[in-house]
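Reminder, nothing fancy here: chain letters follow the sequence lines and each chain counts from 1. Keep in mind it's a predicted model, so treat the numbers as computed, not measured.
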Number of protein chains: 2
Amino acid sequence: MSSALAFEPFAPSAGRRPEKTEAILEAAGQLFREQGYGAVSMDQIARAAGVSKATVYAHFESKDRLFATMIQNGCSAYAQGVMPALTDMTDVRAALTEIARGIERFLLAPKTLGIYRVIIAEGPRFPELVNAFIEAGPLPFRKMLAEFFEAANRRGTLNVPNPILAANQLVWLVRGPLYLERILNISEATWAKQDVEEVVTSAVNMIMKGYAPETRD
Amino acid sequence: MSSALAFEPFAPSAGRRPEKTEAILEAAGQLFREQGYGAVSMDQIARAAGVSKATVYAHFESKDRLFATMIQNGCSAYAQGVMPALTDMTDVRAALTEIARGIERFLLAPKTLGIYRVIIAEGPRFPELVNAFIEAGPLPFRKMLAEFFEAANRRGTLNVPNPILAANQLVWLVRGPLYLERILNISEATWAKQDVEEVVTSAVNMIMKGYAPETRD
DNA sequence: GTCTATATTGTGATAGAC
DNA sequence: GTCTATCACAATATAGAC
């Protein structure tokens with residue numbers, strides 16, 4: 001029923017109207033991200049896209065394939081949106097703060113969290129999808145951050161023995177304190193929420209102090 | 001179809017065999033955690049538990065209710081297993097290391113991650129379940145860690161302006177670098193995995209340096 | 001290609017014997 | 001309470017007209 005999905009970026013225009021393909025993908029994406037794979041029917045998708053169910057099947061051979069294509073689409077956006085411009089390296093604190101804000105803006109955005117939700121949920125059933133997701137998003141992002149730390153090492157502005165680990169730490173120092181409350185939509189009454197600015201500032205401080213060049217220990 | 005679930009710890013022995021209740025819950029728990037709510041049928045659960053489907057319905061009035069009870073069960077285990085004994089406070093580094101190891105052992109265990117997977121996946125459909133989960137697990141754990149940092153403040157061994165934030169940071173400094181690779185079962189080839197000991201040691205270092213008492217900045 | 005109407009399978013839930 | 005056999009329905013997928 002699954003497990004044999006190809007991952008071309010989706011070949012358009014074999015006679016099909018691109019506008020409808022787009023509408024179907026967008027509707028499916030929103031529904032899947034909000035409600036998950038199992039809870040969404042092809043009828044709902046067709047209705048939300050303003051087409052008939054048969055048309056959906058003319059564009060995508062199965063629900064599995066539509067789901068896979070939607071994730072692929074999201075990953076492309078992920079890979080693009082997640083790459084901030086790291087031009088200015090003169091002020092490390094400023095650069096780290098910029099990166100931290102980018103992490104908050106993108107990795108904690110509802111759309112990104114929706115993709116995470118559905119990838120985590122359906123990962124066991126779609127192993128190839130997990131790999132495609134990792135390679136399109138987290139992996140290049142982690143690499144880019146590691147390169148930032150390596151550059152700081154060369155300049156002597158930081159002392160980072162394991163840049164990959166430091167990249168993960170920075171991501172999760174920002175993301176972690178806000179992750180649960182956002183991906184689970186926790187009510188304010190239940191869970192005292194964290195202040196975004198404080199999370200960002202503190203994360204930058206932790207990295208600066210933890211990897212300060214004049215370490216005596 | 002959902003949204004009105006009560007959350008008593010499940011009243012047993014209204015004539016039902018406790019052993020079968022247990023078998024059903026265990027089978028359902030494992031299947032739900034591994035495959036998610038939608039992908040598991042009541043037939044599968046009955047077969048895995050070694051009973052008939054009608055028996056499952058004699059013990060649990062619906063699939064929703066069975067799911068909710070299973071999550072509740074998992075949360076109790078969560079609340080118990082997650083609370084380490086924080087007796088010795090003389091050596092802060094040793095205490096932090098012990099806590100960090102506990103985080104790795106419990107919050108990254110397959111069973112815990114399975115509960116997270118299914119909670120994240122079905123959260124939007126079961127809001128009450130999310131609250132119950134938060135109050136049974138993450139909330140008391142965060143509070144306990146925050147109290148640890150407050151105690152360290154009083155002793156002067158650490159200087160932590162926001163103990164709740166610090167608690168989140170410690171959790172995610174350990175959990176974050178290992179989270180994706182474990183909850184998504186990423187293959188070694190795709191994602192260079194982190195070394196557990198290094199993650200733990202570095203997390204403790206970050207906290208110690210970031211919240212050292214003699215801060216000059 | 002796109003629609004309406006339909007075939008078919010799987011699944012949540014139940015009736016009735018013991 | 002537990003089983004076998006069955007219902008009722010929803011959802012994936014398709015046939016056939018245009």
K.L.:
According to the salt bridge (Lys or Arg N to Asp or Glu O under 4.0 Å) rule, which pairs have a member within residues 30-54 of chain A, sequence neighbours left out?
P.N.:
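Listed by first then second residue: A:Asp43-A:Lys53.
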K.L.:
Which residue pairs pass the side chain to side chain donor-acceptor pair (under 3.5 Å) test with at least one member in residues 161-171 of chain A, sequence neighbours excluded?
P.N.:
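Of all non-adjacent pairs touching residues 161-171 of chain A, those that pass side chain to side chain donor-acceptor pair (under 3.5 Å) are A:Asn162-B:Glu198, A:Gln169-A:Tyr211, A:Gln169-B:Ser202.
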K.L.:
B:Phe67 vs B:Phe32 aromatic rings, parallel, tilted or perpendicular, using cut-offs 30° and 60°?
P.N.:
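Taking B:Phe32 first and then B:Phe67, their aromatic rings stand perpendicular (interplane angle over 60°).
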K.L.:
Which one, D:dT2, D:dT12, C:dT2, comes nearest to the side chain of A:His59?
P.N.:
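Nearest to the side-chain atoms of A:His59, counting from C-beta on, is C:dT2.
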K.L.:
What's the NZ-C1' distance between A:Lys63 and C:dT9, to the nearest Å?
P.N.:
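Result: 15 Å.
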K.L.:
Reckon A:Tyr57 has a side-chain N or O less than 4.0 Å from the OP1 or OP2 of D:dT14?
P.N.:
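For D:dT14, OP1/OP2 do not have a side-chain N/O of A:Tyr57 under 4.0 Å.
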K.L.:
Rounding to a whole Å, what distance do you find between A:Gln35:CD and D:dA11:P?
P.N.:
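Going from CD in A:Gln35 over to P in D:dA11 covers 11 Å.
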K.L.:
Taking CD1 from B:Ile24 and C1' from D:dG1, how many angstroms apart are they, rounded to a whole number?
P.N.:
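It is 11 Å, rounded to the nearest whole Å.
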K.L.:
Go through the structure and list residues passing side chain to side chain contact (heavy atoms under 4.5 Å, CB included) with A:Ala94, not counting sequence neighbours.
P.N.:
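Once residues adjacent in sequence are excluded, the partners of A:Ala94 under the side chain to side chain contact (heavy atoms under 4.5 Å, CB included) criterion are A:Asp91.
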K.L.:
Show every salt bridge (Lys or Arg N to Asp or Glu O under 4.0 Å) that has at least one partner inside residues 109-118 of chain B, sequence neighbours left out.
P.N.:
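For residues 109-118 of chain B, and leaving out neighbouring residues, there are no salt bridge (Lys or Arg N to Asp or Glu O under 4.0 Å) pairs at all.
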K.L.:
Nearest whole Å is fine: how far is C:dG12 P from B:Tyr37 OH?
P.N.:
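Taking atom P of C:dG12 as the reference, OH of B:Tyr37 is at 8 Å.
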K.L.:
With sequence neighbours excluded, what pairs up with B:Ala109 under the side chain to side chain contact (heavy atoms under 4.5 Å, CB included) test?
P.N.:
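For B:Ala109, the residues satisfying side chain to side chain contact (heavy atoms under 4.5 Å, CB included) (neighbours in sequence not counted) are B:Thr112.
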K.L.:
What is the distance, rounded to the nearest whole Å, between atom CZ of B:Phe60 and atom P of C:dT14?
P.N.:
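In whole Å, C:dT14 P and B:Phe60 CZ are 16 Å from each other.
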K.L.:
With sequence neighbours excluded, what pairs up with B:Glu104 under the side chain to side chain donor-acceptor pair (under 3.5 Å) test?
P.N.:
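Side chain to side chain donor-acceptor pair (under 3.5 Å) list for B:Glu104, sorted by chain: B:Arg182.
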K.L.:
Rounded to whole angstrom units, what separation is found between the CE atom of B:Met42 and the P atom of C:dA13?
P.N.:
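Interatomic distance, CE of B:Met42 to P of C:dA13: 6 Å.
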K.L.:
Between protein and nucleotides 3-6 of chain C, what N or O pairs are separated by less than 3.5 Å?
P.N.:
{"from": "C:dC3", "atom 1": "OP2", "to": "A:Ser52", "atom 2": "N", "distance (Å)": "3.0"}
{"from": "C:dC3", "atom 1": "OP2", "to": "A:Ser52", "atom 2": "OG", "distance (Å)": "3.4"}
{"from": "C:dC3", "atom 1": "OP2", "to": "A:Thr55", "atom 2": "OG1", "distance (Å)": "2.3"}

K.L.:
Can you measure A:Arg47 atom CZ to D:dA11 atom P for me and round it to whole angstrom units?
P.N.:
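Atom-to-atom, A:Arg47 to D:dA11, this comes out as 9 Å.
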K.L.:
Output all residues satisfying side chain to side chain contact (heavy atoms under 4.5 Å, CB included) with A:Glu26, sequence neighbours left out; order by chain, then residue number.
P.N.:
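Partners of A:Glu26 by the side chain to side chain contact (heavy atoms under 4.5 Å, CB included) criterion, ordered by chain and then number, come out as A:Glu22.
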K.L.:
Round to a whole Å and report the spacing from CD of B:Glu61 to P of C:dA13.
P.N.:
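Taking CD of B:Glu61 and P of C:dA13, I get 9 Å after rounding.
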K.L.:
A:Phe141 and A:Phe106: aromatic ring centres closer than 6.0 Å?
P.N.:
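No; A:Phe106 has its ring centre 6.0 Å or more from that of A:Phe141.
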K.L.:
Touch check for B:Val56, heavy atoms < 4.0 angstrom, all strands: base, sugar-phosphate only, or nothing?
P.N.:
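Touches nothing.
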K.L.:
Under 4.0 Å, heavy atom to any atom of DNA chain D: which of residues 26-34 of chain B qualify?
P.N.:
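Contacts with DNA chain D under 4.0 Å: none.
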